[in-house]
Each structure stands twice: as C-alpha cells, then as structure tokens.
Amino acid sequence: MIAEMTYLWTIYFSTIFAYVLILSTLGHMAHQRRDTPSIVAWLLAIILLPYIAVPFYFILRSRKLKRNRKTPIKLKCTDEVDITNTTHVDMILRSNGIAGATRGNKFKLYTDGVDAYHSLIAEIHRAEKRILISTYVFKSDEVGKSILAELTKKALQGVDVRLLVDSVGSMPLYIFQGSLRQFKKSGGKVAFYMPLLKRPFQNYINLRNHRKIFLFDDTKVIAGGMNLSHEYMGPVPCDDRWQDILFSIDGPAVFHYREIFTEDWNFTSQHQLEPYQLISLPKGDTRIQVVPSGPDIETDALYEALLSASFSAKKRIWIVTPYFVPDKGLMQALIIAFHRGVDIKLITPAKSNHMIADLARSSYMRDLDSYGIELCLLPTGMIHAKAILFDDEAVMMGSANIDQRSLFLNYEVVSFIYSKESILNSEEWMKKLITKCDHKMKPANKWRKIGENLMSVFAPLL
C-alpha cells in the first residue's frame, strides 16, 4: 500500500512539474523556436521516466548560460583587419557578433594521423614562450604519454604550458590524475572543464567543451577534429586509426583562436591568462573566418550560417561527419537544395563508435536516401572528421559534428576557409573517402525501426 501511494504521489508531482516546465518555457519558445524538439523530448522523458528525468533536468537543463556576472555571453572577437570580398555567410556571422573573415593566412590541411602527430610534436619543440592546448579527449595511452612528456620538457625549460581538458571527454584522466603529477611539478598548468564532482547541480554538465585548439607562441594554431590519443594520431601508421583531420593556420586568424582559448581557460582556472592584443602579420593569401559556437555565444550563429549556405548553394554540398543528427530546419534545407539540383553527399561511417548515435542518425539518413540523396558509407573503420564543402566558395571544418549536440549544446569552434587551393585539397580528400564507400544502407527490421524512431525523438537530448 505504501509503495503504491509513493508511486501515485511521484506521478502526481511529476505531472505538476511537467505543467510548470511547459509554462516556464512558453515565453522562451516564442523567441527560440528550435528549442521545441528539446522541450518535447524532456516532457516525454519526465512522463515516462520520472525518477530519472526530473533530477537530470535540473542537472542538464539550459543550453545557454552566462559564465559570470561580469563577462557577457558573446565572445569579444574584434575585427581589426582588412576585409574584402565578403560572402553572405561572412555577413550573417558578423551580424551575430562573430569576427569577420581575415586575409593573409597560411593554411595547411592534415588528413593523416601520422603527419598530424609529427606536426604537433614539431610545433611543441619550436615553441619558445607559450603552449596552450584545449582538447576533449586526452588519453594516457602511448600517444598521450608521448605528447605529455614533450609538454613536460617545455615546462621545465620555462615555457608557459597550459592544458585545458574536458572532464567528461577525458574522464579517466580527470579521475586518475597521477600521470599529470610530473607535468605539474615541472610548472605545467592543468584545468578540467566543468568538473563533475564540483557543484554538480550548479554546473551544466550536459554542456561539454568539444573544442580542439593547439596554440604555439600565440602565432600559430593547429585545430580540427583530432583529439590526443591513439585513435586519432600517432608516430607510425596503424590499421585501427580513425579518419580525421587537423589543420594549421599562420596569420591573423590565430588571434581569434587565442581569444577563444583565453575565455575558456579563464572560466575554468584560477591561474588567469592575460588576453593577447596583437594580431599576427599576414603570412599567406587564405581568407579564414573563425567561428565559435556554444553556450557562451548569445545566438546560434553557426547554425544560421549553415542554413544560409545550404539554401544558397548552387552546385554542391558535401558533408563529412560521424554523427548526422540535424534538426528539422537543416534537414529541410538539404532536401530543398537537392530539389534545386544541388549535389548533396553525406560521407559518414557505416557504423560509428556509438551504438545510440547510430540509432539516432539512421532515421535521418534513411529520409535522405528516400529522396535520392547520395549516402557514402565507409564500410570499415571510423570517420571522425567534420567538414562541409559548399560549392567552390568555402569549406567549413573544425570540431562541430552535424548533429544537435554540436550545433546547440557543446562548446565548438570551426573555421570557414575561403580559398581555391584549400577547397581543391578538401575536395580531393573527400573524393578519396568516397571511392572507399558503399552507397546503400542495410534495411532495418521491425525492432530496428522502432529503436531508430524512438532515438530520433530523443535526439535533442543525446
């Protein structure tokens, strides 16, 4: 009897909470219509799993936040360099407070984990004043240990070395920090982003720092999708390494990566990092626009830019992503572009490293397939790279997947590169991936379809 009454009271209070949630979010929905799927998913979770969903809502909740009372949400990227030949994407981003595209950059793309590793190590060796590293995953495997050993040597030489690691993405390192002891003793500084064990109900633990930024002497940056572990890079080739990318930038665009890192570090660590005021002199001829997105950006600038680029594309939209879980607006933009005759290609692994993500993305991929949009599925191995090629006008690459977590929840950073040479190099890399791909999904049985449809409902929470 007591158990039955407890259950009834739980259902009663969960129902009241659901109504309160609806009322409290109506005003917000009027301004943020794209939050509606997330609200629906929360309501379903609260009704179906009240014991789990209610406490989790208080832990996860909002996707936008103020970092402190003095710092505005919008990053203070400045635009002090000459800008010419602006594009509609550039204009949309600048109207959202994102710095405009900068000229005079030198850009290099790394599509091989061995090349990326040796480039990273070489830059660590060359650094004389400062090394700033932000990563989602930092493993204590042979690759992580070798990178940490090099960073420790630089710290001993008096170089200012700072390592910013996400506490969820690198949970083993966060819990067992013994491998960092020598690095810290040598003068290296470590900060874990939004640590789980500190104020769990005040931290927004659902909002993770997924950015990958490797800065050297404030004059060069390496960024992209690779984390610091064996799966992504290493000194020698291996069969199980994932397909991923990094890129290096020399020039004015480095300033914006430095600014983003400074904001993230100062939000996390007591050892504050002074803002860097100098913009690098031109080093090349590539125009690059650095675009941060996430809870610290007031608007959904990256999402707006992707929508606009999809609606205005005339020739092609080639997407490389491991997890394709778009919202309704972006999905519709791709379908409309296809109906206009635009060549749409989705390049993704046939099976990713996350079963739930595979269930969530499959219904969207089957929808694309039903319209005749080309799916390029890598039959073996994992594609972890994130890039989109728009016509012959721009290529976007960085840390953001084409899913609702990256677009609306995580802290991310991408670059739009407006350069013919860079676009051609990206096209060549994508074509090599396509030659290895199959083009048909396996048919789903009844239970698989149920799982896919159910996960698509909860996609905004994944």
To the nearest 0.5 Å, what is the distance between CD1 (I417) and CZ (F107)? 4.0 Å
Looking at E427 and K431, does any basic side-chain N land under 4.0 Å from a carboxylate oxygen? yes
Could you check if a side-chain atom of E231 sits within less than 4.5 angstrom of a side-chain atom of V137, using non-hydrogen atoms only? no
Taking side chain as C-beta onward, heavy atoms only, is Y117 less than 4.5 Å from L246? no
Determine, for R211 against D166, whether the closest basic-nitrogen to carboxylate-oxygen distance falls under 4.0 angstrom. no
More than 12 foreign heavy atoms under 6.0 Å from NZ of K189: is that the case here? yes
Would a 4.5 Å heavy-atom cut-off, applied to side chains only, mark M331 and L368 as touching? yes
Compare all side-chain heavy atoms of D300 with those of L407 and state whether any distance is below 4.5 angstrom. no
Got a sec: does the CD of Q272 have more than 12 other heavy atoms crowding it under 6.0 Å? yes
Start with the C-alpha gap between F267 and M194, add the side-chain angles, then the distance that decides, and say whether side-chain contact (heavy atoms from CB on, under 4.5 Å) holds. CA-CA 9 Å; F267 173 62; M194 286 194 184; 3.9 Å; yes
Which one of I222, I260, I133 satisfies the side-chain contact (heavy atoms from CB on, under 4.5 Å) criterion with I213? I260
Does N353 reach the side chain of W242, with side-chain heavy atoms less than 4.5 Å apart? yes
Take L120 and E150 through the side-chain contact (heavy atoms from CB on, under 4.5 Å) test and state the conclusion after the steps. CA-CA 10 Å; L120 183 64; E150 297 299 330; over 6 Å; no
For I402, is there any backbone N or O sitting under 3.5 Å from a side-chain donor or acceptor partner on S406? no
Is there side-chain contact between D403 and R361, with at least one heavy-atom pair below 4.5 Å? no
Flag, side chain of S419 to backbone of T286, donor-acceptor distance under 3.5 Å: no
Note, W318 side chain near D343 side chain (heavy atom, < 4.5 Å): yes
Any donor-acceptor pair under 3.5 Å linking the side chain of K351 with the backbone of P349? no
Any non-hydrogen side-chain atom of E259 less than 4.5 Å from a side-chain atom of P275? no
Looking only at atom types and distance, does a side-chain atom of S269 sit under 3.5 Å from a main-chain N or O of W265, one as donor and one as acceptor? no
Decide, yes or no, whether a salt bridge links E412 with K386 under the criterion of side-chain N to carboxylate O below 4.0 Å. no
Stepwise, does the side-chain contact (heavy atoms from CB on, under 4.5 Å) test hold for V89 with M396? CA-CA 11 Å; V89 169; M396 184 210 81; over 6 Å; no
